[in-house]
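These notes concern the structure reproduced below.
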Amino acid sequence: MTPSSGVSYFWISQIFSVRALTLAAFILCMKKFRILCFLLSLFLVIFAVARISSAQITDPIPEPIKKSELSVRLEEVVQIPNSGTGRNKAARLNLLTHAGDGTRRLFVNDMRGKLYVIVDGTATVYMNLKKLICADFTYETPQQGFAYFAFHPEFADNGIFYTVTSEVKTGGTPDLPVTKPIIDNNNNIIESAHHDVIREWKATNPSSNTFVGTSREILRIEEPYPDHNVGQLGFNPNAKRGDDDYGLLYIAVADGGSDGYPVSDTDPLDNGQDLGTPLGKILRIDPFGKNSVNGQYGIPRDNPFVTDEEPKTLGEIWAYGLRNPHRFSWDTGGEGKMLIADTGQAFIEEVNLGIKGANYGWGEREGTWVIKENNENVLFALPKNDRSYGYTYPVAQYDHDIPPDIKGFYGIAIAGGYVYRGKAIPELIGQYIFADFAHDARFFHVPVDELVNGKQAKIKELRLFDGEQEASFLEIIGKKRSDVRFGVDEEGEIYVTSKQDGKVRKLVRSPKSPIDQNSLE
């Protein structure tokens, strides 16, 4: 190596040493900067979580529901025969209605498989659905079995009615299958629970009190979990022949259920906001049509999502974003409003106006509040930009006001009812009557004219009488849970049933009802 080259090497080595020191210093500064950024970010997260925690709502509706001046008496009509064993012997009555054929007959179903007809206070078996369906019928949980039925508006002439039953999966291929992996509360992939099957029945003699006739399957829906299944079937009683809505069958479908027991997540598949599944929706179909995929029913051309350009969207959907809309009804007077009762999760029970194309928010909203995406037991206030989401909110709601002395589980869940349009209780006309079907068990009322989109109507507790004495519904039936359901006859009078005792009761005037001056003339 020459002297000159040695000098060059020295200076080159010095330059690289300086650069190395500079780089090392830079890296050290960057590390400090990153540490500082990390600490700052951590502080911001903690601050944000603290802000969120402080905004979390635990008592969404502090004002308690007050007792009303209005009252009714419950009058027993008929006892339906027991169908169970052990402690649960009572018939599990789920729906009472009429055929709209002018005969004044009442029909009520036992979820264990039988449909009864009530004539002059006597109940007889109209059809044994379990026997007709045979081995496919399943009743493994209290939410399965023979769930609902509905008479076609022209039943008196055509003898047609519809039923929905829980059935084993080997009975057929679902028309509307579950397309997502089904998980349990241990994150294991599991098989679906069962199928809900809607059938059309045609009675040979519509006026007979015993069914003889034929049937056909029109729609089979796969259910991921045993609970939160297909709910009520119904026709709009206000639609007249020639109207777009006449003869179209509405089907309430819950969100598919929870991920097992104990429940850690309800609607874990996020079905409520998914327009590619029937779960968490109100469906609307033409049972006499043929343009469905299976060719057994029609999809009305004026359904709101028929022209959706998304190929996975189901044209059968009429409204969505519902958790468990197991009851709906129409006011047969006034503006003819459709009312949907949606059972809540941990906080809010809802009464919703039935609006074509509406998104009721589940599982992003419960009532007029935000629910946490991965924990539906956490509630927050609506954001300032909430209108941009386009949700339709309840027109009346009540929260889970659990008495402080209660120990253990205390269920609260809405049972939708009817707007009273009968003649026997004049002071009740125009009131929407509903109740809580779990441990709360109170009966409620709200004027249907106050059920207006964008507003919250004030709910009042309807007072009940058993004979001459005021009593709670739990005292009347002698049970700790109400399991109440509502029904209506051709005259608009309202009935109540309970799965706890298998009795049919009628709302009549109470001893505290105001004197009707016309009756004294």
Side-chain angles (χ1 to χ4, degrees), residues 73-99 105-149 161 163-168 194 201 208-211 226-227 229 231-232 326-327 411 413 415 417 435-439 441 443 464 466-467 471-489 494-508:
R73 180 167 61 89
L74 297 185
E75 180 179 86
E76 187 173 329
V77 175
V78 65
Q79 170 76 62
I80 302 300
N82 290 342
S83 61
T85 58
R87 297 175 60 186
N88 301 314
K89 293 181 179 179
R92 294 187 62 79
L93 306 183
N94 207 41
L95 177 68
L96 181 145
T97 191
H98 58 91
R105 294 179 295 176
L106 296 174
F107 293 82
V108 63
N109 72 311
D110 178 351
M111 292 187 73
R112 294 191 179 101
K114 293 180 180 178
L115 179 61
Y116 289 86
V117 59
I118 303 171
V119 180
D120 297 328
T122 300
T124 57
V125 176
Y126 179 72
M127 70 187 302
N128 187 335
L129 203 57
K130 180 180 179 180
K131 186 176 181 180
L132 291 170
I133 295 174
C134 299
D136 286 348
F137 185 88
T138 183
Y139 182 75
E140 295 182 358
T141 72
Q143 294 189 39
Q144 295 176 329
F146 172 22
Y148 289 92
F149 62 99
F161 62 100
T163 62
V164 56
T165 48
S166 303
E167 302 185 22
V168 296
H194 65 279
W201 303 83
S208 173
N209 290 327
T210 303
F211 174 79
D227 59 333
N229 306 316
Q232 187 168 346
H326 66 99
R327 276 306 179 95
D436 190 277
F437 73 76
H439 298 92
F443 278 47
L464 304 181
D466 184 18
S472 70
F473 189 66
L474 295 182
E475 290 172 333
I476 292 172
I477 65 175
K479 304 291 182 178
K480 295 182 179 180
R481 177 185 169 97
S482 80
D483 273 322
V484 68
R485 298 292 189 271
F486 288 90
V488 67
D489 66 18
I494 293 178
Y495 295 72
V496 296
T497 64
S498 173
K499 296 177 183 178
Q500 293 292 327
D501 65 3
K503 291 183 179 181
V504 175
R505 296 174 172 88
K506 184 179 182 180
L507 300 190
V508 298

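Just so you know, these numbers come straight off a predicted model, no measurement behind them. Hydrogens, waters and symmetry mates play no part in the numbers below; they use all other heavy atoms, side chains included.
- Contact of the Leu129 side chain with the Trp201 side chain is registered, since non-hydrogen atoms from C-beta on lie closer than 4.5 Å.
- Sorted by first and then second residue, the side chain to side chain donor-acceptor pair (under 3.5 Å) pairs with a member in residues 115-130 form an empty list; sequence neighbours excluded.
- Between the side chain of Ser166 and the main chain of Gly145, a donor-acceptor pair closer than 3.5 Å is present.
- No option in Leu95, Val108, Asn109, Val125 other than Asn109 meets the side chain to side chain contact (heavy atoms under 4.5 Å, CB included) test with Leu115.
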Mind running side chain to side chain contact (heavy atoms under 4.5 Å, CB included) on Leu106 and Asp489 for me, showing each step along the way? CA-CA 7 Å; Leu106 296 174; Asp489 66 18; 3.6 Å; yes

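- Shown here are the side-chain contact (heavy atoms from CB on, under 4.5 Å) partners of Ser83, two or more places apart in sequence or in another chain: Ala91, Asp110, Arg112.
- Looking at every heavy atom in both residues, Phe149 comes nearest to Phe107 through CZ-O, 3.5 Å.
- Partners of Arg505 according to the salt bridge (charged side-chain N to carboxylate O under 4.0 Å, His left out) rule, which considers only residues two or more places apart in sequence or in another chain, are Asp501.
- For the pair Lys499/Asn88, no side-chain contact is recorded, criterion being any heavy-atom separation below 4.5 Å from C-beta on.
- A search for ring pair (Phe, Tyr, Trp, His ring centres under 6.0 Å) contacts involving His439 returns Phe409, Tyr410, not counting sequence neighbours.
- Listed by chain and residue number, Ser208 satisfy the side-chain contact (heavy atoms from CB on, under 4.5 Å) test with Thr210 (two or more places apart in sequence, or in another chain).
- Applying the salt bridge (Lys or Arg N to Asp or Glu O under 4.0 Å) test to every pair with at least one member in residues 75-92, sequence neighbours left out, gives these pairs: Arg73-Glu75, Glu76-Lys503.
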Show which side-chain atoms of residues 471-488 pair as donor or acceptor with protein atoms under 3.5 Å away, not counting sequence neighbours.
from, atom 1, to, atom 2, distance (Å)
Ser472, OG, Glu475, N, 3.1
Glu475, OE1, Ser472, N, 2.9
Arg481, NE, Asp483, OD1, 3.2
Arg481, NE, Asp483, OD2, 3.4
Ser482, OG, Asp436, O, 3.0
Ser482, OG, Phe437, O, 3.2
Ser482, OG, Val484, N, 3.4
Asp483, OD2, Gln500, NE2, 2.8
Arg485, NE, Asn94, OD1, 3.1

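- Qualifying ring pair (Phe, Tyr, Trp, His ring centres under 6.0 Å) partners for Tyr495, counting only residues two or more places apart in sequence or in other chains: none.
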Using the rule given for side chain to side chain contact (heavy atoms under 4.5 Å, CB included), can you reason through Phe146 versus Phe137, listing the C-alpha separation, both sets of side-chain angles and the distance that settles it, and then say yes or no? CA-CA 8 Å; Phe146 172 22; Phe137 185 88; 4.0 Å; yes

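- Between Thr165 and Glu167, the side chains place a donor N or O and an acceptor N or O closer than 3.5 Å (distance only, hydrogens not considered).
- Nearest heavy atoms, Gln143 versus Asn229: O-ND2, 2.9 Å.
- With sequence neighbours excluded, no residue forms a side-chain hydrogen bond (donor to acceptor under 3.5 Å, both in side chains) with Asp136.
- Applying the side-chain contact (heavy atoms from CB on, under 4.5 Å) criterion to Ala90, with sequence neighbours excluded, gives Asn82.
- Between the side chains of Gln144 and His194, at least one donor-acceptor pair of N or O atoms lies under 3.5 Å.
- Partners of Val78 under the side-chain contact (heavy atoms from CB on, under 4.5 Å) rule, at least two apart in sequence or in another chain, are Ile80, Ile118, Ala123, Val504.
- Partners of Thr97 according to the side-chain hydrogen bond (donor to acceptor under 3.5 Å, both in side chains) rule, which considers only residues two or more places apart in sequence or in another chain, do not exist here.
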